[in-house]
Number of protein chains: 2
Amino acid sequence: MTRKQAGRLDAEQAIAATDLEGFIGYNLKRAYVTVQADFRATLGEDGLGPRVFSALSLVVQFPQISQSELARMLGIERSGLVAIVDDLEGRGYLTRATVPGDRRVQALVPTPDGLGAYQSALDAVRQHEDRLLSHLTADEKQTLLHLLQKIRQSDREDKA
Amino acid sequence: MTRKQAGRLDAEQAIAATDLEGFIGYNLKRAYVTVQADFRATLGEDGLGPRVFSALSLVVQFPQISQSELARMLGIERSGLVAIVDDLEGRGYLTRATVPGDRRVQALVPTPDGLGAYQSALDAVRQHEDRLLSHLTADEKQTLLHLLQKIRQSDREDKA
DNA sequence: GCATATTGTTAAGTTGGTAAACGGTTTTCC
DNA sequence: GGAAAACCGTTTACCAACTTAACAATATGC
């Protein structure tokens, strides 16, 4: 075991000198996997998953939002959003309400339960990030946020 | 169209003030989606995908690495690596070589073709990141890399 | 030598999506 | 006013990228 573990540690240290470690993309993915796993662990088995939480967040902050609009904000297809909204509706956190002027759209309206669940989840998610990222200073977190948003901007320019 | 687009832009700007935008996790995911899409677009239809590229990178830099070791370095399960190695073997970029001392392991050895393909892919990936991230200064990229690696560290500590 | 661990692999399931098509509805544009 | 186009939510079929559990073959610890 000692011999094997020595080899293991050598390899892990060598990672630092690897081509791979120099790429933003690779590090983004690895970091995301780490954060996502901790998110799920913190919110628990039956808690909201990251995408459902994100959707609920936007529904709470933009009540009466349409599904198309929500999908666009989340950067996914309309068809992909259906299951997410079904989930939230199934939990009783929102309703699909008909809109007076336009019978195509269904406005997503958070229920009182949904509002309460969102506040709890919001607290839990903040706690998860605070704990997981306790190694980073407030400045570092702010910088990271800013840089990540800058990357997303590259995307919007391409599409424009 | 103008009215609709005005609504669209309002909503997009409003995102900046959203709970969601304050979370590292959400921004990590969105940024990763952006980068990954550009990676694939740059390397083309039949080019290497990000995970296959990553695997090849480690095989080139650690020739004779075992599949278990490679899986551990990539942070995935052994079973999940099989398809990736199959892909690389199918392209003729590596061979599964038997190892003298231990008949369980199969050392992954890059072929000359694999070495060449890796160098080309490496150039392409560098070009992709340089182009996509041209808004970021060298300093910003370095900072981002450092912060992302710091997040991955949180993970290793948990497991230790 | 026997129990235990490890390696690569398969099989089946899960997650988180996309693309294409649909019926129902609205808007556009002449 | 009416046809063509666009838009909304949805279903269906698909895909990628995993995971878990089991397996046979092999190696190791005591």
Could you go through nucleotides 10-16 of chain C and list every protein N or O atom that sits under 3.5 Å from one of its N or O atoms, giving the distance for each pair?
residue : atom : partner : partner atom : Å
C:dG16  : OP1  : A:Arg40 : NH2          : 2.0

Fill in the blank from the handout: Taken to the nearest whole Å, CG/A:Leu81 to C1'/D:dT10 is 11 Å

Problem - Pairing residues for B:Ser68 by the side-chain contact (heavy atoms from CB on, under 4.5 Å) criterion, not counting sequence neighbours - result: B:Ser66, B:Arg78

Exercise for the section: Figure out the CD/P separation between B:Glu45 and D:dA16, and round it to whole Å. Expected result: 10 Å

Exercise for the section: Kindly calculate the angle separating the two end axes of the helix from C:dG1-D:dC30 to C:dC30-D:dG1, each obtained from five base pairs, and round it to 10 degrees. Expected result: 30°

Practice task
Enumerate the residue pairs fulfilling salt bridge (Lys or Arg N to Asp or Glu O under 4.0 Å) with a member in residues 40-50 of chain B, sequence neighbours excluded, ordered by first and then second residue.
Solution key: none

Completion exercise
Atom CZ of A:Arg104 and atom P of D:dC8 are separated, to the nearest Å, by 6 Å

Practice task
Select one nucleotide: of C:dA19, D:dT26, D:dT19, the one nearest the side-chain heavy atoms of B:Asp102.
Solution key: D:dT26

Completion exercise
Cluster membership besides A:Val33, Ile/Leu/Val/Met/Phe/Trp/Tyr side chains within less than 4.5 angstrom, sorted by chain and number, is none

Handout entry: Rounded distance (Å) that lies between atom C1' of C:dG8 and atom CG of B:Leu94
Key = 14 Å

Practice task
In whole angstrom, give the distance that lies between atom CG of B:Leu74 and atom C1' of D:dT19.
Solution key: 16 Å

Fill in the blank from the handout: What one should report as the nearest heavy-atom pair of A:Val109 and A:Ala97 is CG2-CB, 4.0 Å

Practice task
Answer with base, sugar-phosphate or nothing: what part of the nucleic acid does A:Gln106 contact at a heavy-atom distance below 4.0 Å?
Solution key: sugar-phosphate

Problem - Atom-pair distance (CD on B:Gln67; C1' on D:dA25), nearest Å - result: 15 Å

Handout entry: Protein-nucleotide distance (A:Glu77, atom CD; D:dC8, atom C1'), rounded to Å
Key = 13 Å

Completion exercise
Closest heavy-atom pair, A:Leu28 versus B:Leu148, reported as atoms and distance to 0.1 Å, is N-CD1, 3.8 Å

Handout entry: Atom-pair distance (CD1 on B:Ile65; C1' on C:dT6), nearest Å
Key = 16 Å

Exercise for the section: For the residue pair B:Glu21 and B:Arg30, establish whether any side-chain heavy-atom pair is separated by less than 4.5 Å. Expected result: no

Handout entry: Short side-chain N/O contact from B:Arg103 to OP1 or OP2 of D:dA27, under 4.0 Å
Key = yes

Completion exercise
Heavy-atom closest pair (B:Thr42 atom, B:Ala124 atom, distance to 0.1 Å) is CG2-O, 3.9 Å

Fill in the blank from the handout: Hits for ring pair (Phe, Tyr, Trp, His ring centres under 6.0 Å) against A:Tyr32, two or more places apart or cross-chain, chain-then-number order -> none

Exercise for the section: For residues A:Ile84 and A:Ala55, report the shortest heavy-atom separation together with the two atoms involved. Expected result: CG2-CB, 3.6 Å

